[in-house]
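As structure tokens, the structure follows; a few thoughts come after it.
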Number of protein chains: 2
Amino acid sequence: MDVARREVSEAGTPVACRSCQARHGVVCGALSSSQLRELGRHSLRRKIDAGSEIVAQGSESSFYSNIMRGVVKLCKVMPDGRQQIVGLQFAPDFVGRPFMRESTLSAEAATDAEICVFPRNLLDRMILETPKLQRSLHGQALKELDAAREWMLTLGRRTAEEKVASLLYLIATHAEPETATSTAFDLPLSRTEIADFLGLTIETVSRQLTRLRKSGVIRIENIRHIVVPDMDELEKKISA
Amino acid sequence: MDVARREVSEAGTPVACRSCQARHGVVCGALSSSQLRELGRHSLRRKIDAGSEIVAQGSESSFYSNIMRGVVKLCKVMPDGRQQIVGLQFAPDFVGRPFMRESTLSAEAATDAEICVFPRNLLDRMILETPKLQRSLHGQALKELDAAREWMLTLGRRTAEEKVASLLYLIATHAEPETATSTAFDLPLSRTEIADFLGLTIETVSRQLTRLRKSGVIRIENIRHIVVPDMDELEKKISA
DNA sequence: CTTGCGATTTGATCCAGATCAACTGTCCGT
DNA sequence: ACGGACAGTTGATCTGGATCAAATCGCAAG
């Protein structure tokens, strides 16, 4: 038994995979102690710089991960370069597409992040053996599906101002308490990324942001930090 | 044993739920004979007219269904009436949202359809008891998630012409062989529904359709029937 | 402190798609 | 055959957001 693992067990915390340790994600929470130990033996905690790719679109990835800290964006790009962010993931979400070899999208760290990486083969086997894990991942897939469909409404039918308000609301709601209260938070995305998430250009994102600022719904403390004095006012801007 | 069920067993086909019979969906294919018999005892085959609602947005539905025939559209509507279709489902897809009481979207028959309806409680129990079923539904959820994200790219980044071409391609690819070859098919959606799926107005849908017709990519045999002489040409219009 | 460079904001103009308004089927029921 | 009610098409015009073009900000390197 190596040092890192012994430390965890001896500390009295539940035996966890070596790299996730106490911070259980969608995966670790559904495993038995022995599975956790086995997964831990083959997993690796990795720091990822903002902007670097975790999985490339069209590639065959041989691993899955759990987000331990930070924000991950899921992107699709067209051959001519047009880009659409199709999802944001926060700790402790699972990143990967079970039951499919090739990824149809890329996963990229939006902020500096830490992820727990484990081998695809091993987890695929565990999913088959562990109904509770299957259930857990099924649950996350359904949650992501709900979010994707909600965003389809935003993309297809909301105005630019409503789109920007929707994004701010999403971030305010999902950002980690460490970096945010419900009324102030750091934007994990650049203006370009916001535009690619909302199906807009950076110019209209910028304009709508100053519009919301001038109407008193938000304060822009600095380029990445937003204060929302009254969440109800923000919610009204979404008109839903 | 009632007549309908005896007929099925005696015909030598695998014992199936009474109403689905030989046409197994995502659910029936994953159950044991005895489960199939139990589910069959509590399920009901229903004919649904085009346009009528299967599940209402915001309601607590006490049943799930399997599509046996026809096309079902999943809709979201905003308080002011703006509407977005967030998915199309074809036989033998499963309709419902496991693990959640209240539906965040409505499911409505786009064409005349037949569905196999079964009680929520019973299926929820079976999911818990039957890893294979969980796996099957997990698979469908992931498939829908992929489709939703692909459509997010369409909604956010494609032009009106590309959107309409994307829709035609989707229908050509998914329509049932009975009503379609790869190059000719019936549209399961009205112009209004197409507009609500693509985030456009009916007028631009109509204009882009005649544009595609005039450029020779499609023929409009009648308002609901499309012929695609060369699928590659259609695919080019999607630019992806 | 200055310079340089990428990110953001702001301004001026353009245009794809929305809106408004006829017009044309098509399919009823009488 | 006729009329009326929809569903779809086509045309004219308008506009929200895109595009093009400068500022301005922020910040790291010298």
Remember a base hit wins even if backbone is also touched, and classify B/Leu200 as base, sugar-phosphate or nothing at under 4.0 Å, heavy atoms.
-> sugar-phosphate
So does A/Glu114 pair up with A/Arg45, basic N to acidic O under 4.0 Å?
-> yes
Rounded interatomic separation in angstrom, taking CZ from A/Arg207 and P from C/dT8 = 15 Å
To the nearest angstrom, the CD1-C1' distance between B/Ile226 and D/dG8 comes to 12 Å
Should the pair B/Phe99 and A/His138 be assigned to parallel (<30°), tilted (30 to 60°) or perpendicular (>60°) ring geometry?
-> perpendicular
Separation of atom CD in A/Glu193 from atom P in C/dT8, rounded to whole Å | 9 Å
Would you say a side-chain N or O of B/Arg191 is under 4.0 Å from OP1 or OP2 of D/dT9?
-> yes
B/Arg82-A/Ser239 side chain donor-acceptor pair, cut-off 3.5 Å | yes
In whole angstroms, the gap separating C1' of D/dA7 from CG of B/Leu189 amounts to 14 Å
Kindly say if A/Thr201 contacts the phosphate of D/dA18, meaning a side-chain N or O under 4.0 Å from OP1 or OP2.
-> yes
Phosphate OP1/OP2 of C/dG17 contacted by B/Thr204 side-chain N/O (<4.0 Å) = no
Please name the pair of heavy atoms, one in A/Phe197 and one in A/Trp151, separated by the smallest distance, quoted to 0.1 Å.
-> O-NE1, 3.0 Å
Between B/Gln89 and the options B/Glu144, B/His174, B/Lys73, the side-chain hydrogen bond (donor to acceptor under 3.5 Å, both in side chains) test singles out B/Glu144
Residue whose closest nucleotide on DNA chain C lies nearer the 5' end, B/Thr159 versus B/Glu203 | B/Thr159
Measure from the side-chain heavy atoms of B/Thr210 and tell me the nearest of D/dG8, C/dT10, D/dT9.
-> D/dT9
Residue closer to the 5' end of DNA chain C, A/Ser190 versus B/Ala160 (nearest nucleotide) = A/Ser190
Expressed in angstrom and rounded to an integer, what is the separation of A/Arg158 atom CZ from D/dG16 atom P?
-> 19 Å
Atom CD1 of A/Ile202 and atom P of D/dA18: how far apart are they, to the nearest Å?
-> 11 Å
Roughly how many Å is it from CZ in A/Arg82 to P in D/dA18, rounded to a whole number?
-> 13 Å
Tell me: CD1 of A/Ile223 to P of C/dG6, nearest whole Å?
-> 15 Å
